[in-house]
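Below: one structure, written as structure tokens.
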Amino acid sequence: TISDFFKSQFKNNLVELNDLYCWSDTSFYPGNFKMKSFENIQTEFQNLNLPFFVELDNQTEEFYQFLNGLEIGEKQNLIRYFSFYEKELEAVLKSNDLPIQLKYLAPAISAMNPKAVSTDRKAGVWQLTHFQAVLNGMAINKLVDERFNVSVATISAARQIKQNLQQFGSIDLAVTAFLLGNVKVRNAVQLADDSGREVAEFLPKTFNEFVASFQATAIFLNVNKFENSIEPFAGKITPNTVSINRQLHFQQVSDVLGIP
């Protein structure tokens with residue numbers, strides 16, 4: 001059974017996702033939802049054709065029911081926000097010669113909440129540690145934390161998984177190391193080699209929860225889609241650029257723009 005704590009973390013991230021300002025803007029990424037129900041989760045899982053975590057976890061259906069039982073607004077915001085970044089995630093993964101199905105990992109571990117911070121201080125949609133971020137060239141200081149930038153974090157996450165793949169020689173172990181840390185995976189591999197048992201037997205319980213969450217979220221986002229309907233002949237929106245040459249508080253920006 002997946003712990004209440006694991007589910008509550010996901011739920012809290014969804015609540016923060018729902019609070020994003022973009023949802024109050026009717027012009028933000030308009031389109032239509034296509035929701036689908038099914039009878040056999042094993043069939044839908046096989047349709048994913050995953051190159052890693054290929055065995056359906058016995059907790060996956062439980063987490064899928066959790067996702068399917070969310071309020072309609074929460075489900076739609078998760079689907080829509082994932083759709084907004086989906087092509088970008090795929091492009092970064094492809095450029096690193098990684099399976100595009102890894103795109104489902106971000107929503108599985110953070111509910112696509114760009115402000116997500118876990119109890120162990122992992123941050124952003126990819127839940128990067130401070131070490132992973134700095135190791136991959138991200139800026140983290142008193143003024144900025146690039147883990148909260150979805151685009152920058154995606155590049156760093158892909159690099160980290162690719163490095164893990166080179167180290168462990170297995171995409172399953174590479175993703176596991178990304179989630180749990182390289183040291184834990186190295187220790188588990190060594191214990192498994194010494195005992196002739198499976199690596200998963202020496203990993204913490206959260207590993208199974210991550211796998212179930214990933215598989216369930218992948219199924220959920222594969223069967224439930226958002227189709228963007230931006231008018232093809234509409235003028236391109238170009239944002240203004242503001243150069244800042246001294247320290248600035250976000251409250252000052254908020255007061256000028258009238259955005260809380």
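Predicted model, so just to flag it, every value in this text is computed and none were measured.
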Using a cut-off of 6.0 Å, state whether more than 12 heavy atoms not belonging to [X] lie near its atom [atom1].
X      : atom1 : result
Lys34  : NZ    : no
Glu198 : CD    : no
Lys205 : NZ    : yes
Asp4   : CG    : no
Lys11  : NZ    : yes
Gln42  : CD    : yes

Do the side chains of [Y] and [X] get nearer than 4.5 Å, heavy atoms only?
X      : Y      : value
Phe6   : Phe210 : yes
Leu17  : Pro114 : yes
Phe226 : Gln76  : no
Asn113 : Leu14  : no
Lys7   : Glu62  : yes
Leu173 : Asn164 : no
Glu201 : Leu191 : no
Leu165 : Leu98  : yes

I'd like to know if the side chain of [X] and the backbone of [Y] have a donor-acceptor N/O pair within less than 3.5 Å.
X      : Y      : result
Arg147 : Leu128 : yes
Glu209 : Ser3   : yes
Tyr85  : Met112 : no
Gln127 : Gly124 : yes
Asn68  : Tyr64  : no

* Report the C-alpha distance between Trp126 and Phe178 in whole Å, list the side-chain angles of each, state the deciding distance to 0.1 Å, and finish with yes or no for side chain to side chain contact (heavy atoms under 4.5 Å, CB included). => CA-CA 10 Å; Trp126 286 97; Phe178 176 79; 4.1 Å; yes
* **Evaluation steps, side chain to side chain contact (heavy atoms under 4.5 Å, CB included), between Ile2 and Phe66** => CA-CA 10 Å; Ile2 295 176; Phe66 164 74; over 6 Å; no
* Criterion side chain to side chain contact (heavy atoms under 4.5 Å, CB included) on Leu135 and Gln163, from CA distance to verdict -> CA-CA 11 Å; Leu135 189 65; Gln163 291 166 17; 4.1 Å; yes
* Structure fact -> Rounded to the nearest 0.5 angstrom, the CZ-CD distance for Phe10 and Glu74 is 9.5 Å
* Can you measure from CD (Gln167) to CG (Asn182) and round to the nearest 0.5 angstrom? => 5.0 Å
Is the distance between the ring centroids of [X] and [Y] less than 6.0 Å?
X      : Y      : answer
Phe52  : Phe214 : yes
Tyr21  : Phe28  : no
Phe220 : Tyr104 : no

* Taking a hydrophobic cluster as the set of Ile, Leu, Val, Met, Phe, Trp and Tyr residues connected by side-chain heavy atoms closer than 4.5 Å, whether directly or through intermediates, do Phe38 and Phe33 fall within one such cluster? -> yes
* Check the hydrophobic clustering (I, L, V, M, F, W, Y; side-chain heavy atoms under 4.5 Å; chains of links allowed) and say if Val117 and Leu179 are grouped together. => no
* **Asp194/Gln190 under side-chain hydrogen bond (donor to acceptor under 3.5 Å, both in side chains): CA gap, chis, key distance, verdict** => CA-CA 6 Å; Asp194 292 344; Gln190 184 62 57; 3.0 Å; yes
* Show your reasoning for whether side-chain hydrogen bond (donor to acceptor under 3.5 Å, both in side chains) applies to Gln9 and Ser118. => CA-CA 8 Å; Gln9 272 197 316; Ser118 69; 5.2 Å; no
* Kindly determine whether Gln215 and Asp57 satisfy side-chain hydrogen bond (donor to acceptor under 3.5 Å, both in side chains), including the steps that lead there. => CA-CA 8 Å; Gln215 293 177 341; Asp57 191 87; over 6 Å; no
* **Side-chain H-bond candidate by donor/acceptor type, Asn40 with Glu44, under 3.5 Å** => no
